[in-house]
Engineer: 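Below is the structure I would like to discuss, written out as structure tokens.
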Protein chains: 2
Amino acid sequence: MNASNFDVDVGARLRELRVRHGLSQRALAKRAGVSNATVSMVEANRMSPSVSGLRQILSGIPLSLSEFFAEAKPTVEQVVFRASELKEIAGGRISFRQVGSNLEGRSLQMIHERYKPGAVSGKAMLSHQGEEAGLIIRGRMGLEVDGARYELNPGDAYFFDSRKPHAFKNIGDEDLELVSACTPPSF
Amino acid sequence: MNASNFDVDVGARLRELRVRHGLSQRALAKRAGVSNATVSMVEANRMSPSVSGLRQILSGIPLSLSEFFAEAKPTVEQVVFRASELKEIAGGRISFRQVGSNLEGRSLQMIHERYKPGAVSGKAMLSHQGEEAGLIIRGRMGLEVDGARYELNPGDAYFFDSRKPHAFKNIGDEDLELVSACTPPSF
DNA sequence: TTCATCCGTTCAATATAAAGAACATTCTTA
DNA sequence: TAAGAATGTTCTTTATATTGAACGGATGAA
């Protein structure tokens, strides 16, 4: 049994991509160097192509296997989130106010962060893979990533791999305010 | 043209994942309900499994096809980007200052945006799939997504699917300043 | 109409993936 | 030593993916 996710409907996905690119089964088959019968069979799920066969077919679009199997991103309903609507996901001396409350199925998370003077946060462990970026709006931040220390002022920014251990600290006298984003939002 | 990637070595990737999970070929085969011979052949690239066969094999780890074919993320060298180092990717009445200059291999892009009063930007066409988010620092923004119009003030934020047509405008008297992020950075 | 050309599907023949058993090798353990 | 159990590989048979050609339907032009 396949534990982790819903199965990709290979046939439907191929058809969707082919049509989106304005190709007929035959046109795609010719570009890819396979028979039109194969394209037809695969799209109808009447057979499961070999990986090399699928790669061959996709070369006619062209598209990588990675792109083919990438998770479909669900549509996000709400577009605008008022300042008062941002979801508080941390309290006290640190305020994390997230854009949108439901992370399910998203690949991007944005947070409006505020730290009181001296406040600290961070992760020591390797979390799931992904990337993190942020830009300082106000105040001074001390950043430690993978053992290296930095000081950031308004307008400065950071970018690193989420798997590296990291810590944030407000090292100034006033509140520290920044906007951060990370992907994927799973943590 | 498939700009983005090199082909996956299916055999090597499977072996890497199996070993990383501490499974022998036979143990994996048993959990997945396939023969050990198949696992051996696939790892040696002596045959290219069918998609359904590979899915079956991966179910023993377990791992989804999506995860199997996901691109390995390269490590990002530079962590901190000074305000003066942000890369200007648009000029004139609109200033887009990107965190980091090289997007290759990244899945996250962050931009410090500034619009003069009246300045407009946006995309009418469907661009590649992904998500976009932003948070207003200063000024007033008019946002149109998929035909719907919104007004945003400092602290407000937005989040939508990049494929929807969208436009940004500074509808205030002062400069509009915001931090945005999108994924994937391809555009 | 009739011809031409496109579309997607289906069929029989062939190439290849997958199973099950036997193989060689390297460890343990007696 | 030798026996036992683990590993990954290689064999032969069987199931299935893939081909090339033929099919039926739709569209458009003479």
Side-chain angles (χ1 to χ4, degrees), chain A residues 1-70 72, chain B residues 2 5-70 72 126:
Chain A
M1 60 220 66
N2 178 352
S4 70
N5 76 331
F6 298 91
D7 270 354
V8 187
D9 181 338
V10 174
R13 174 106 175 108
L14 177 59
R15 175 159 292 176
E16 173 205 345
L17 291 165
R18 174 179 63 79
V19 170
R20 183 186 300 173
H21 285 258
L23 294 169
S24 69
Q25 286 185 349
R26 282 183 151 86
L28 171 58
K30 187 173 183 181
R31 291 171 53 138
V34 301
S35 73
N36 56 307
T38 301
V39 177
S40 176
M41 298 279 216
V42 171
E43 288 191 357
N45 283 320
R46 289 167 58 80
M47 66 176 204
S48 176
S50 71
V51 170
S52 57
L54 180 58
R55 169 156 44 204
Q56 182 88 6
I57 294 171
L58 294 178
S59 71
I61 294 187
L63 212 67
S64 69
L65 286 166
S66 169
E67 291 166 310
F68 183 84
F69 286 109
Chain B
N2 177 357
N5 80 328
F6 301 87
D7 267 356
V8 187
D9 181 338
V10 173
R13 174 108 175 107
L14 177 59
R15 175 158 291 175
E16 174 206 343
L17 290 165
R18 174 179 62 80
V19 170
R20 181 185 301 170
H21 285 257
L23 294 170
S24 69
Q25 287 184 348
R26 281 184 152 83
L28 172 57
K30 187 172 183 182
R31 292 171 50 137
V34 301
S35 74
N36 55 308
T38 300
V39 176
S40 176
M41 298 279 218
V42 171
E43 288 191 358
N45 283 320
R46 290 167 55 81
M47 66 174 205
S48 178
S50 70
V51 169
S52 56
L54 180 58
R55 169 157 44 207
Q56 183 87 4
I57 294 170
L58 294 178
S59 72
I61 292 186
L63 212 68
S64 69
L65 286 166
S66 171
E67 290 166 310
F68 183 85
F69 286 109
L126 331 166

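Note on naming: letters A, B, ... go to the chains in the order of the sequence lines (proteins, then strands), and numbering restarts at 1 for each one. The figures here come from the full heavy-atom set of this structure, side chains too, leaving out hydrogens, waters and symmetry mates.
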Engineer: Could you check which of D/dA17, C/dT9, C/dA22 has an atom nearest any side-chain atom of A/Ser48?
Structural biologist: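 Comparing D/dA17, C/dT9, C/dA22 against the side chain of A/Ser48, the answer is D/dA17.
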Engineer: At under 4.0 Å between heavy atoms, what does A/Ser24 touch on the DNA or RNA strands: base, sugar-phosphate, or nothing?
Structural biologist: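 Sugar-phosphate, backbone atoms only, no base.
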Engineer: Select one nucleotide: of C/dG8, C/dT10, D/dT18, the one nearest the side-chain heavy atoms of A/Met47.
Structural biologist: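 Taking heavy atoms from C-beta onward, the closest nucleotide is D/dT18.
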Engineer: Counting the atoms with a prime plus P, OP1 and OP2 as sugar-phosphate, which does A/Ser50 contact under 4.0 Å by heavy atoms, base, sugar-phosphate, or nothing?
Structural biologist: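 Sugar-phosphate contact only - A/Ser50 comes under 4.0 Å of backbone atoms but never of a base.
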Engineer: Look up atom CG in B/Leu28 and atom CZ in B/Arg15, then write down how far apart they are to the nearest 0.5 Å.
Structural biologist: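 CZ of B/Arg15 is found 11.5 Å from CG of B/Leu28.
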Engineer: The side chain of B/Met41 is closest to which nucleotide in this list: C/dG8, C/dC11, D/dT10?
Structural biologist: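 Nearest to the side-chain atoms of B/Met41, counting from C-beta on, is D/dT10.
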Engineer: In whole Å, I'd like the distance from the CG atom of B/Asn36 to the P atom of C/dG20.
Structural biologist: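 Taking atom P of C/dG20 as the reference, CG of B/Asn36 is at 10 Å.
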Engineer: Is A/Ser35 close enough to D/dT19 that one of its side-chain N or O atoms is under 4.0 Å from OP1 or OP2 there?
Structural biologist: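 Indeed, a polar side-chain atom of A/Ser35 lies that close.
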Engineer: Tell me: CD of A/Gln56 to C1' of D/dA17, nearest whole Å?
Structural biologist: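 It works out to 14 Å between those atoms.
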Engineer: In this structure, how many angstroms lie between the P atom of C/dA17 and the CG atom of A/Leu54, rounded?
Structural biologist: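 After rounding, the reported distance stands at 14 Å.
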Engineer: B/Ala27 or B/Arg46: which one's nearest nucleotide on DNA chain D is closer to the 5' end?
Structural biologist: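 Nearer the 5' end of the strand: B/Ala27.
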Engineer: Does some side-chain heavy atom of A/Val39 sit less than 4.5 Å from a side-chain heavy atom of A/Arg26?
Structural biologist: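 A/Arg26 does not reach A/Val39 side chain to side chain.
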Engineer: Which part of the nucleic acid, if any, lies within contact of B/Val34, taking any heavy atom under 4.0 Å across all strands shown: a base, the sugar-phosphate backbone alone, or nothing?
Structural biologist: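 Answer is sugar-phosphate: B/Val34 comes under 4.0 Å of backbone atoms only.
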Engineer: So, is A/Ser40 near the phosphate of C/dT9, with a side-chain N or O under 4.0 Å from OP1 or OP2?
Structural biologist: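 A/Ser40 to C/dT9 OP1/OP2: side-chain N or O found under 4.0 Å.
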Engineer: Under the side chain to side chain contact (heavy atoms under 4.5 Å, CB included) rule, collect the residues that match up with A/Ala32, sequence neighbours excluded.
Structural biologist: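 So A/Ala32 forms a side chain to side chain contact (heavy atoms under 4.5 Å, CB included) with A/Val34, A/Ser59.
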Engineer: Determine the sole option in A/Asp9, A/Ile57, A/Asn45 for which the side chain to side chain contact (heavy atoms under 4.5 Å, CB included) test with A/Leu14 is passed.
Structural biologist: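 That would be A/Ile57; it is the only one of A/Asp9, A/Ile57, A/Asn45 passing the side chain to side chain contact (heavy atoms under 4.5 Å, CB included) with A/Leu14.
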Engineer: Please state whether the phosphate of C/dT9, meaning OP1 or OP2, lies under 4.0 angstrom from any side-chain nitrogen or oxygen of A/Gln25.
Structural biologist: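 Yes, within the criterion.
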Engineer: Can you measure A/Asn45 atom CG to C/dG8 atom P for me and round it to whole angstrom units?
Structural biologist: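 Value for this atom pair: 16 Å.
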Engineer: Distance check needed: C/dA17 P versus B/Glu43 CD, whole Å only.
Structural biologist: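 Rounding to the nearest Å, CD of B/Glu43 and P of C/dA17 are 16 Å apart.
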Engineer: Can you tell me how far P of D/dG8 sits from CG of B/Leu14, to the nearest Å?
Structural biologist: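 Those two atoms, CG and P, are 11 Å apart.
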Engineer: To the nearest Å, how far apart are A/Lys30 NZ and C/dC7 P?
Structural biologist: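 Those two atoms, NZ and P, are 11 Å apart.
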Engineer: Measuring from A/Arg55:CZ to A/Phe68:CZ, what's the distance to the nearest 0.5 Å?
Structural biologist: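 Rounded to the nearest 0.5 Å, the CZ-CZ separation comes out at 13.5 Å.
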Engineer: Roughly how many Å is it from CZ in A/Arg26 to P in D/dA22, rounded to a whole number?
Structural biologist: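 Computing the A/Arg26:CZ to D/dA22:P distance gives 12 Å.
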